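Written out below as structure tokens is the structure these notes cover.
Predicted model only: the values in this text are computed from it and were never measured. Counting starts at 1 for both ligands and their atoms, following the listed order.
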Amino acid sequence: MMQQKAGNFTQNIHDEEYEKKFLSGMASPCGMINDTARQKESLNGLWNFQIDQYDTCIRSKWYEESYKNDKGRYQPIDYSFDSWQTIRVPSCWNTEDERFYYYEGPAVYTRKFRYENRGEQRVFIKFGAVNYEAKVFLNKKFVEMHRGGSTPFYLEVTGLLEEMNRILVVADNTRKAEAVPAKNTDWFNYGGIYRDVEIIRLPETFIQDYSVGLVPGTGFQQIKAEIVVNGTQTDGEAMLEIAEFGIQQKLSLKNGKADVILNASPELWSPENPRLYEVKITYMADSVTEQIGFREIQTSGTKVFLNGKQIFLKGICAHEESVPNGKAVTDEEIRENFRLAKEMNCNFMRLAHYPHTEKAAQIADQMGIMLWEEIPVYWAIDFANPQTYENAENQLTELILRDRNRASVIIWSVGNENADTDERLQFMSSLAVKAKQLDNSRLVSAACLVDHTKLMIADRLAAYLDIIGINEYYGWYAPDFNELIQLLDNSNPQKPVVITEFGADALKGARGTADDMGTEDCQLDIFRKQTETLGNIPYIQGTSPWILFDFRCPRRTSALQGEYNRKGLLNEDITYKKPAFEVMKKFYESL
Ligand code: GCU
């Protein structure tokens, strides 16, 4: 017999199904807005904040602010929004208050804000990212939920805003077996609203999305523009202007969409010449203008070609982290990491293992660094779970829709280091196909594992990839370096291989012999052997050693690690270069 729900006021302590109604309204990729060129008003700043380990805000509906019962009498409450402590938005609660350094679970953010209509017909609130799941309430009502800790989501709040408003967000960074990533990773699980929160005011019908880029395989002589508008006026005429090409092209929309292919011979974007063009799109009362670079990335056989010229991807991996800010990295910190990569003679960076802020690709466009961007399908994912797949595909779609106008992004990666099982093959090959469907102008890859028993590159996922990423730690986790030489000799991939990880831990300043693990000398010896070996394999067309800088990792607790992963070529506050930095710098200089 169905358990009778308790009818009295203690309902909320007997209902363990309380979350269900919030888990259906998922903010999905089709609600995204290409806002790169948009005017936005910040809701950043000090928000009231409270960790909420028992998820009581949701259980007891704090967001309804029902201070009185239905007889008009005040009733006991367990919250005082305006007298809670405050926390900076954007930030990670872990680095804002040492009491929350290790906190994992739900936490409540809330603030009030004024709104006055300035003639716009539609209003949206954008969250740059919330790790990991966000439930958003506005003026006591649930708006939507978003799942996925590194991609933006947009909530339409047209008609919900008053002169004075309260927004409330329950951010929950609980690690879950069915999530993406799952419970076990090798990085710090930051929590919170760690990217910007902004208001976007738009006309009734607006330019929701657009992509402008070279048409692959047309000798860099054709560009394609696609436009999507949102609103009631979906069959009008849009205008595409690229003044430097003398382009003023009308596009007739049908059901809110239009695309056009035009002849143009742009100066091509490259790391050496990060050339950007002003692109303007107008539709009715709306227009967007942004800087876009034009380039072509292709593979042929085991080679990689940028703008028709064979290249070697001289890379380095990086997490999205800084000591003071955790994942809430600043533009300056991003620029410094890119500058260090360039100092190492890199032309490429692998932004591991999840989508970094969109500002990274925007800055890479300007500074001239090619990027590998990745979704956190990392290690042991619940590959047999359809909801897990939907989550992964949502994150992939949100990443691609967010960054597909960024010339610097050349590779979409569908994951990292997953065991080659049938369920994983089905899951990740579907993601690879989805990435190609969404964007056929970029390469699709993943960081795969080698087959240590056959001693060869033999991951079945490779059939669905343009570039085979390979993580190998010969000299470190796999002590016998000669196996790497055998493995590379045994393998005969028909596509380019990028060694997406190799490396070794080294504590800053720790010295010893090449056999003393954890010393700079051991790391140096492994980097020397790796580069001497990898540089002579014809099908290896890139390397991105693990990793630019030491990073927080609570599962790394040895004396040398101190809860950091010490494989960085710099220490965690990027004030010190370990000797292996020079090995990579010289290796890339020699190519
Ligand atoms: C793995 C993994 C990284 C991890 C690294 C390590 O390859 O991809 O996320 O940090 O190895 O063990 O240091």
Side-chain angles (χ1 to χ4, degrees), residues 131 149-150 175 179-190 315-321 326-327 337 349-356 372-381 411 413-420 424 428 445-452 457 459 461 465 467-479 483-484 487 497-508 510 517-520 522-523 526-527 530 534 542-572 578 580 584:
N131 197 43
S150 305
R175 287 168 291 117
V180 178
K183 291 178 78 166
N184 188 28
T185 74
D186 198 41
W187 66 83
F188 193 92
N189 183 34
Y190 293 101
I316 185 76
C317 290
H319 263 301
E320 180 178 54
E321 180 182 274
K327 269 179 81 66
N337 292 341
M349 280 186 87
R350 178 181 175 217
L351 302 187
H353 283 296
Y354 37 73
H356 291 207
W372 163 304
E373 293 197 323
E374 184 164 295
I375 56 170
V377 175
Y378 181 91
W379 288 358
I381 293 287
I411 295 170
S413 166
V414 295
N416 179 79
E417 279 200 358
N418 320 91
D420 186 356
R424 173 266 192 171
M428 293 183 76
S445 190
C448 302
L449 292 165
V450 296
D451 184 320
H452 281 285
I457 294 170
D459 190 317
L461 183 62
L465 307 178
I467 284 185
I468 305 169
I470 290 291
N471 291 359
E472 50 87 1
Y473 279 89
Y474 283 94
W476 184 252
Y477 295 120
E483 284 187 3
L484 175 61
L487 179 148
V497 168
V498 173
I499 303 297
T500 33
E501 287 183 35
F502 67 80
D505 279 76
L507 178 63
K508 165 187 167 189
M517 296 184 91
T519 63
E520 292 181 345
C522 175
Q523 187 188 50
I526 288 170
F527 270 73
Q530 284 279 358
L534 302 177
T543 54
S544 54
W546 193 257
I547 188 170
L548 183 61
F549 49 79
D550 296 352
F551 58 93
R552 289 190 177 100
C553 189
R555 57 193 285 273
R556 303 290 185 161
T557 66
S558 75
L560 89 89
Q561 294 166 321
E563 296 194 21
Y564 274 85
N565 183 310
R566 296 275 180 211
K567 295 189 182 66
L569 292 178
L570 289 103
N571 66 330
E572 62 270 27
K578 300 172 193 175
M584 290 317 300

Residues in salt bridge (charged side-chain N to carboxylate O under 4.0 Å, His left out) with Asp505, at least two apart? Lys567
Is it true that the NZ or CZ of Lys578 lies under 6.0 Å from the centre of Phe527's six-membered ring and within 45 degrees of the ring axis? no
With sequence neighbours excluded, residues passing side chain to side chain donor-acceptor pair (under 3.5 Å) with Glu572: Arg566
Quick one: do the Tyr473 and Glu501 side chains pair a donor with an acceptor below 3.5 Å? yes
Heavy-atom contacts under 4.0 Å to ligand 1, chain-then-number order, include exactly Asp186, His353, Tyr378, Asn416, Glu417, Asn471, Tyr473, Tyr477, Glu501, Trp546, Phe551, Arg556, Asn565, Lys567
Which residues pass the salt bridge (charged side-chain N to carboxylate O under 4.0 Å, His left out) test with Glu483, sequence neighbours left out? none
Backbone N/O of Thr500 and side chain of Ser544: donor-acceptor pair under 3.5 Å: yes
